Amino acid sequence: MTTAMVDGSALPASARGPAPVSVRDWRPDDEAGWDAFVLEQPRATFFHQIGWKRVLEATFGYPACYLVAERDGEMCGILPMFACRSIRGQLGLYSLPHTVYGGPVGVDAAVEQAMLARVIEMSEELGTHSVEFRNRHATLLEMPALDGFVTFEKELPASPEDVYRTFPKKAREMINQARKRHKLEADFAGDLGAFYPLLADSYRNLGTPVFPKSFFAAMLREFAPTSSILIVRHQDDPIAGVLSMEFRNTMMPIYSGEAAGAGRLKPNNFKYFRLMEYAVDRNLGRFDFGRSRLSNQGVVKFKVRQGFEAEALPYQTLVPTPSGIDPNRGIFAKVRRVWRKLPRPVARMAGPAIVKYFP
């Protein structure tokens, strides 16, 4: 009995299966097609947009390693990625640094596997210590999980008047104290000049290096139509703020901060309550409260007390043990305690110089 070899190209198109996938580096003329692909793919996020590449490049100067997958000449997958050196001096590939979501997005498993194969080649070429995919949604790849991160998201009500009732009883009490006892007010006319000092002081109080002001300026410039800054005021003085972005149907408070000692005025619950009202006014249907580390139980519990449920993030890594740094444990927890004691001007000056090494 003999076996005939059949050239697949002679078969009808319906019998051949998917065409092979090619993976190449991103080119400037991919820009429009890249963003169109992002909007078509439900697993793509705000941070997959090419504008975020420009923000990170302008602020930190990391080498971009963006990949495009093609099949029959058509884009079928994307992977935004940067090569970054950590505080330990180790080089890693991150999708994406300083960002809660990222990772590969392909139309099928073969596409994502082809992109992963190219990433492995790049990792060997560069001699990287780690590769991290910070996926919002599960990929089609079988890779070791990078555990310890959760996110929080829920639907918004149909009208601003219904927002208050979505908060649990204790959170509503805090909102009432902010509004009635402390007479807090919130507006969306805030600018970066009002917001950044609040953020910088808050980061210092948490023992965390603050991002440079230019990072937020680039962000607001790049995403002007969908960005906003909420400022909470007490007797006209700014005491808390939130910088938010909108993507598809979702409001995302990305960065927040408050003045030292402002906690007694209960601005935290109040600012997110007002932000949700604003989101509903803008006909948005979901609120993404963002990523938290499970080891930071204070933040996790706060978000749960606002009526959110924790959802595990399906982060992945090529290294079986996480290569990232947990700021809540070990030597880094000790360093944070020292950082909290730095004079504010020193912390504000030193933070931007070193934060790029914590991708």
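The first residue of the sequence shown is numbered 1, and numbering continues consecutively from there. Model, not experiment: these values are computed from the prediction.
Looking at D35, its side chain does come within 3.5 Å of a backbone N or O of I50 through a donor-acceptor pair. Checking side-chain atoms of K356 against main-chain N and O of A353 turns up no donor-acceptor pair under 3.5 Å. In this structure, the side chain of T128 does not engage the main chain of G92 through any donor-acceptor pair within 3.5 Å. Remark: the backbone N or O of R27 is paired with a side-chain donor or acceptor of D30 at under 3.5 angstrom. Remark: the backbone N or O of G89 is paired with a side-chain donor or acceptor of R85 at under 3.5 angstrom. Under a 3.5 Å cut-off, the side chain of S95 and the backbone N or O of G102 do not form any donor-acceptor pair. For W26 (side chain) and L79 (main-chain N/O), no donor-acceptor pair under 3.5 Å exists by modelled atom type. Remark: side-chain polar atoms of T317 are not paired, donor with acceptor, to backbone N or O of L146 under 3.5 angstrom. The backbone N or O of G285 sits less than 3.5 Å from a side-chain atom of N249, completing a donor-acceptor pair. The main-chain N or O of A200 is never found under 3.5 Å from a side-chain atom of S202 such that the two would form a donor-acceptor pair.
Atoms CG and OH, from L96 and Y66 in turn, are 5.0 Å apart once rounded to the nearest 0.5 Å. Atom CD of E246 is separated from atom OG of S227 by 8.5 Å, given to the nearest 0.5 angstrom. The line from CE of M75 to CD of Q41 is 11.0 Å long, rounded to the nearest 0.5 Å. If you take CD1 on I120 and CE on M115, they are separated by 12.5 Å, rounding to the nearest 0.5 Å. Going from atom CZ of F152 over to atom OG of S292 covers 5.0 Å, rounded to the nearest 0.5 Å. Taking CD1 from I254 and NE2 from H98, the interatomic distance works out to 14.0 Å, rounded to the nearest 0.5 Å.
A salt bridge links R118 to E121: one of the charged nitrogens lies within less than 4.0 Å of a carboxylate oxygen. In summary, E277 and R274 engage in a salt bridge, as defined by a charged side-chain N under 4.0 Å from a carboxylate O. Ion pairing between a basic and an acidic side chain is recognised when a charged N comes within 4.0 Å of a carboxylate O; E222 and K53 show no such pairing. Ionic pairing of R291 and E311 is not present here: no N-O contact between side-chain nitrogen and carboxylate oxygen is shorter than 4.0 angstrom. Salt bridge D108/R71: present, at least one basic N to carboxylate O contact under 4.0 Å.
Hydrophobic cluster membership differs between M349 and I87, with clusters built from Ile, Leu, Val, Met, Phe, Trp and Tyr side chains linked at under 4.5 angstrom. Residue V38 is grouped with residue V100 when hydrophobic side chains (ILVMFWY) are merged at heavy-atom distances under 4.5 angstrom, including chains of intermediate members.
The two residues L198 and P238 come nearest to each other via the heavy atoms CD2-O, 3.7 Å. The minimum heavy-atom distance linking T45 with F247 is given by the pair C-CE2, 3.5 Å. The nearest pair of heavy atoms linking N135 to P314 is ND2-O, 2.9 Å. Across V150 and A312, no two heavy atoms sit closer than the pair CG1-CA, 4.0 Å. Nearest heavy atom pair, residue A109 against residue L140, reads N-CD1, 3.4 Å. Minimum interatomic distance between K271 and L230 (heavy atoms only, all atoms of both residues): O-CD1, 3.7 Å.
For E185, the CD atom is loosely surrounded, since the number of other residues' heavy atoms within 6.0 Å does not exceed 12. Counting non-hydrogen atoms of neighbouring residues, nucleotides and ligands closer than 6.0 angstrom, the CD atom of E125 exceeds 12 such neighbours. Other residues, nucleotides and ligands contribute only 12 or fewer heavy atoms inside 6.0 Å of the CD atom of E74.
Using cut-offs of 30° and 60° for the angle between ring planes, the F287 and F289 rings count as perpendicular. Taking the six-membered ring where tryptophan is involved, the planes of F46 and F223 are tilted, since the angle between them lies from 30° to 60°.
Cation-pi contact between K303 and F308: absent, since separation from the ring centre below 6.0 Å together with deviation from the ring axis within 45° is not met.
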Side-chain donor-acceptor pairs of residues 255-267 under 3.5 Å, sequence neighbours excluded:
| from | atom 1 | to | atom 2 | distance (Å) |
| --- | --- | --- | --- | --- |
| S256 | OG | Y272 | OH | 3.2 |

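In this structure, the side chains of L184 and R179 stay at 4.5 Å or more apart for every pair of heavy atoms. Between V210 and R204 there is no side-chain heavy-atom pair separated by less than 4.5 Å. Counting heavy atoms from C-beta on, the side chains of L141 and P104 come closer than 4.5 Å. Residues E153 and R286 form a side-chain contact, since some pair of their non-hydrogen atoms from C-beta on lies under 4.5 Å apart. Taking 4.5 Å as the limit, some side-chain heavy atom of I231 sits within range of a side-chain heavy atom of F195. Contact check for R134 versus Y101: no side-chain heavy atoms found under the 4.5 Å cut-off. In this structure, the side chains of E70 and R24 come closer than 4.5 Å at one or more pairs of heavy atoms. With a 4.5 Å cut-off on side-chain heavy atoms, L56 and F82 count as touching.
A side-chain donor from one of Y164 and N176 sits under 3.5 Å from a side-chain acceptor of the other. With hydrogens and angles left out, the side-chain atoms of T139 and Q316 include a donor and acceptor closer than 3.5 Å.
Residue F167 is tested with R305, M174, M276 for a side-chain contact (heavy atoms from CB on, under 4.5 Å); the sole match is M276.
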Practice task
Give the intermediate values and the outcome of side chain to side chain contact (heavy atoms under 4.5 Å, CB included) for residues W52 and T99.
Solution key: CA-CA 9 Å; W52 196 251; T99 303; 2.8 Å; yes
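Residues Y315 and F133 keep their aromatic ring centres 6.0 Å or farther apart.
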